[in-house]
Amino acid sequence: MAPASFQNAYPRELLAGDGLASANALLGAQLVRNDASGVRVGRIVELEAYRGPDDKASHARFGRTSRSAVMFGPPGHAYVYLVYGMYDCLNVVIEPSGRAAALLVRSVEPLEGVDLMRHAREEWAVGRAGGRGSSSDGAAWAAAARQRVAALPAARLASGPGLVCAAFSVGRDDGGADLCDAASPLHLELAAPGDPAFEREFGPRIGIGYAPEPWLGKPWRVWVAGNPAVSGPRTRR
DNA sequence: TCAAGGATCCGCT
DNA sequence: GCGGATCCTTGAA
């Protein structure tokens, strides 16, 4: 059965205004990956806003660089970067050209294509296994990694910025992709009309300890209250 | 609690 | 141009 999606391409104007308004609007929207392997759809349940060169937690704090150039472009495009050497993170560019703001997609609740996401997570985990040590039991390690992923509840398949990219096969090749174009293999869609209502919660962003106040404490992280797919701060693990 | 991993940036020459 | 520090994380121990 064809998904009810592909008709509700996300309106770019919802991303062109104030960053926090964009974050509020995007929470609950759908992330869609449509490629040769099939269709994967998830609901965005956690976001963080990074708001321009003045925001000392944002990559834009260095000004325009080759890495962050996409963020300085028009809203609705994907900004994908590598962090800690091994994790890709997906951001949605917001605010008008030249403002260099973006929303980091931290968590997604799987809706369709859960098996594809699980398979992608397995492949990703096995890929990581290859880089670990020199052990001759690499195959065993990979098998164990597959087993761990297989045991995960669906809600944990994309509950973290690196995991979102793993589950949706997002890489830096996707950087610059137009997420407001329904024909794009990776794009956003409005929430389905029948989606349940939810409450929003706000708090400080995660992993930006290097940033000074007031940026450190800005409540620019927003998530769906009580949703099991929300990653939350590490201290909750 | 800690190691893994590599792109990116800054400061220095 | 080069070298070192840093980093929007994760999973294993």
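Order of the sequence lines sets the chain letters (A, B, ...), proteins ahead of strands, with each chain counted from 1.
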inquiry  = I want to verify a distance call: between C/dC8, B/dA7, B/dA4, whose nearest atom is closest to the A/Met86 side chain?
reply    = B/dA4
task = Taking only the side-chain heavy atoms of A/Leu163 (C-beta and beyond), determine which of C/dT9, C/dG11, B/dA7 contains the nearest atom.
result = C/dG11
note = Of A/Leu152 and A/Ser58, the one whose closest nucleotide on DNA chain C sits nearer the 5' end is A/Ser58
note = Note: for A/Arg121 and A/Asn91 on DNA chain C, the residue whose nearest nucleotide lies more 5' is A/Asn91
key: Phosphate OP1/OP2 of C/dC8 contacted by A/Arg221 side-chain N/O (<4.0 Å)   = no
inquiry  = Under 4.0 Å from OP1 or OP2 of B/dT8: is there any side-chain N or O of A/His59 that close?
reply    = no
ask   = Within the structure shown, what part of the strands sits under 4.0 Å from A/Leu104 by heavy-atom distance: base, sugar-phosphate, or nothing?
value = base
message = Are B/dC9 and A/Phe62 stacked, with the base six-membered ring and the side-chain ring centres under 5.5 Å apart and planes under 30°?
response = no
Rounded interatomic separation in angstrom, taking OH from A/Tyr210 and C1' from B/dC10 = 15 Å
query = Mind checking whether A/Leu190 and A/Val45 sit in one hydrophobic cluster, side chains of I, L, V, M, F, W, Y counted as touching below 4.5 Å?
reply = yes
ask   = Is the A/Tyr87-A/Trp124 ring centre distance short of 6.0 angstrom?
value = yes
query = Has the side chain of A/Tyr81 got a donor or acceptor atom sitting under 3.5 Å from an opposite partner on the base of C/dC8?
reply = yes
request  = For DNA chain C, list all stems, counting runs of three or more consecutive pairs where every pair is Watson-Crick or G-U wobble with both distances under 3.5 Å.
outcome  = B:1-4 with C:9-12, B:6-12 with C:1-7
task = Pull out every residue in residues 66-77 of chain A that has a heavy atom closer than 4.0 Å to any atom of DNA chain C, ordered by number, or say none.
result = none
